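Along the sequence shown, residues carry numbers from 1. Everything quoted here is computed from the prediction, not taken from an experiment.
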Amino acid sequence: MATTDDDRRPKYQRIADSLREAIQSGEYGPGDRLPGENDLMAAHGVARMTARQALSVLKDEGVAESRKGAGVFVRAFRPLRRRGIQRLAQEQWGSGRSIWSADIENRTLVVDQVTVSEEAASERIGQVLDLADEDTVCVRRRRFVLDGKPVLLATSYLPTSVVAGSAITQEDTGPGGTYARLAELGYKPVHFREEIRSRMPTKGEAAQLSISAGTPVILVCRTAFADEGRPVEINEMTLDAASYILEYDFDA
């Protein structure tokens with residue numbers, strides 16, 4: 001009898017695939033408990049390590065999540081659709097709305113772990129912001145939690161010479177956020193550039209985002225430019241890849 005490609009795959013992968021298909025077909029819905037290690041061992045005649053690996057595959061993909069002392073469950077969190085172009089339109093922040101309002105609909109967003117400090121600019125940040133060696137930057141760090149689930153870490157760098165004494169140096173920047181305040185200071189963003197990469201998370205990122213070490217993160221680095229191409233902000237974001245759909249809608 002010929003050996004199929006499916007037969008050559010590791011047993012844990014085949015088990016993971018069957019569980020994934022059961023989730024996609026609706027046999028297991030959001031929040032449902034998946035078969036545990038003992039169940040998988042009995043059903044597939046495999047060792048505990050094989051069953052554990054199968055469940056780990058689904059957890060690493062963001063399809064399932066562990067609950068301490070309860071088992072492994074189908075992830076109930078609804079992915080966030082990040083509308084990359086609409087969220088940065090001036091009509092968003094220019095009218096006092098958060099750029100997040102383009103993405104979250106009526107869901108609950110909390111911003112925590114906010115810190116604001118004045119720091120020496122690294123060589124890379126200094127080059128992008130076109131700073132002199134002695135210039136410092138205002139650094140804003142925060143975490144975004146949607147429906148109780150951490151989804152994004154963000155660190156913004158802005159020239160201190162531009163934002164000193166403004167609400168940007170406070171934890172709460174006010175209606176419209178940083179971009180509305182920059183506009184009031186005479187540095188209205190007129191152009192944005194985003195670069196996107198992906199990698200595995202560091203231990204610190206995994207802990208802050210409450211994800212397993214095997215779940216990848218998306219890195220988005222956005223630079224905001226005022227008139228005459230002056231860079232006024234760099235925002236480095238780390239996104240839980242399993243929590244996001246990146247959407248870009250534009251005319252041909």
Side-chain angles (χ1 to χ4, degrees), residues 20-21 23-26 30 60-63 75 77-109 111 124-125 127-130 140 142 144-147 149-159 162 168 173 175-201 205 209 211 215-252:
R20 190 187 305 102
E21 290 170 5
I23 293 170
Q24 292 172 346
S25 70
D60 288 347
E61 292 176 353
V63 174
R75 196 175 190 187
F77 182 81
R78 179 160 54 96
L80 171 64
R81 188 173 293 274
R82 183 182 189 271
R83 295 175 169 86
I85 294 177
Q86 294 93 324
R87 69 197 314 270
L88 293 175
Q90 184 178 340
E91 64 185 43
Q92 281 289 123
W93 48 266
S95 60
R97 296 196 300 268
S98 163
I99 63 175
W100 278 80
S101 64
D103 304 331
I104 64 174
E105 301 169 344
N106 295 321
R107 302 170 72 178
T108 302
L109 178 71
V111 184
R124 177 179 59 83
I125 295 297
Q127 288 179 344
V128 175
L129 293 178
D130 194 24
R140 299 182 52 82
R142 59 264 190 223
F144 295 83
V145 181
L146 184 66
D147 294 342
K149 167 71 178 74
V151 295
L152 179 145
L153 310 174
T155 303
S156 293
Y157 303 88
L158 304 101
V162 169
I168 293 174
T173 55
T178 295
Y179 296 146
R181 303 292 81 75
L182 283 171
E184 293 168 356
L185 292 169
Y187 297 94
K188 179 179 74 176
V190 297
H191 180 72
F192 297 96
R193 180 180 66 228
E194 287 193 344
E195 300 175 351
I196 300 175
R197 297 183 293 126
S198 181
R199 60 165 169 76
M200 304 310 292
E205 290 167 344
L209 291 171
I211 58 177
T215 301
V217 291
I218 299 169
L219 307 178
V220 180
C221 180
R222 179 171 68 235
T223 306
F225 298 87
D227 285 332
E228 299 179 354
R230 174 167 184 173
V232 290
E233 184 219 29
I234 298 171
N235 189 353
E236 296 183 332
M237 293 161 275
T238 304
L239 291 63
D240 168 13
S243 294
Y244 273 89
I245 297 172
L246 304 185
E247 177 183 298
Y248 295 90
D249 183 9
F250 46 88
D251 294 331

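- In terms of heavy atoms, Met237 sits closest to Ala154 at CG-CB, 4.0 Å.
- Counting all heavy atoms, side chain and backbone alike, Ser198 lies closest to Pro216 at OG-CB, 4.2 Å.
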* Give the C-alpha distance, both sets of side-chain angles, the deciding distance and a yes or no for side chain to side chain contact (heavy atoms under 4.5 Å, CB included) between Val217 and Ile211. => CA-CA 10 Å; Val217 291; Ile211 58 177; 3.9 Å; yes
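- With rounding to the nearest 0.5 Å, the separation of CG in Leu246 from CG in Leu239 is 7.0 Å.
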* Checking side chain to side chain contact (heavy atoms under 4.5 Å, CB included) for the pair Glu236/Ile125: CA distance, chi angles, key distance, verdict? -> CA-CA 11 Å; Glu236 296 183 332; Ile125 295 297; 4.3 Å; yes
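- The CD1 atom of Ile196 sits 10.0 Å away from atom CG of Leu219, with the distance rounded to the nearest 0.5 Å.
- In this structure, Arg193 and Pro231 have side chains that are not in contact, with every pair of non-hydrogen atoms separated by 4.5 Å or more.
- Here ring-ring contact (aromatic ring centres under 6.0 Å, His included) pairs that include residues 217-252, with residues two or more places apart or in two chains, are His191-Phe225.
- Applying the salt bridge (Lys or Arg N to Asp or Glu O under 4.0 Å) test to Asp227 and every residue at least two apart in sequence or in another chain returns nothing.
- If you take CZ on Arg140 and CG on Asn235, they are separated by 10.0 Å, rounding to the nearest 0.5 Å.
- A pairwise comparison of heavy atoms in Val232 and Leu158 identifies O-CD2, 3.5 Å as the closest pair.
- To the nearest 0.5 Å, atom CG of residue Asp249 and atom CG of residue Asp251 are 7.5 Å apart.
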* Derivation of the side chain to side chain contact (heavy atoms under 4.5 Å, CB included) call for Arg82 and Ile218 -> CA-CA 12 Å; Arg82 183 182 189 271; Ile218 299 169; over 6 Å; no
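- With sequence neighbours excluded, the residues that form a salt bridge (Lys or Arg N to Asp or Glu O under 4.0 Å) with Arg81 are Glu247.
- Qualifying ring pair (Phe, Tyr, Trp, His ring centres under 6.0 Å) partners for Phe144, counting only residues two or more places apart in sequence or in other chains: Trp100.
- Interatomic distance, Thr238 OG1 to Arg197 CZ, rounded to the nearest 0.5 Å: 9.5 Å.
- Using a 4.0 Å cut-off between a side-chain N of Lys or Arg and a carboxylate O of Asp or Glu, Glu194 and Arg87 do not qualify as a salt bridge.
- Taking the side-chain contact (heavy atoms from CB on, under 4.5 Å) definition, one finds that Asp147 meets it with Phe77, Arg107, Thr108, sequence neighbours left out.
- Contact check for Pro201 versus Thr215: no side-chain heavy atoms found under the 4.5 Å cut-off.
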Counting only pairs under 3.5 Å, give me each side-chain donor-acceptor contact of residues 179-188, with atom names and distances, residues two or more places apart or in other chains.
from, atom 1, to, atom 2, distance (Å)
Tyr179, OH, Arg222, NE, 3.0
Tyr179, OH, Arg222, NH2, 3.2
Tyr179, OH, Glu233, OE1, 2.6
Arg181, NE, Glu184, OE1, 2.9
Arg181, NE, Glu184, OE2, 3.4
Arg181, NH1, Thr173, O, 2.9
Arg181, NH1, Pro175, O, 2.7
Arg181, NH2, Pro175, O, 3.1
Arg181, NH2, Glu184, OE2, 2.8

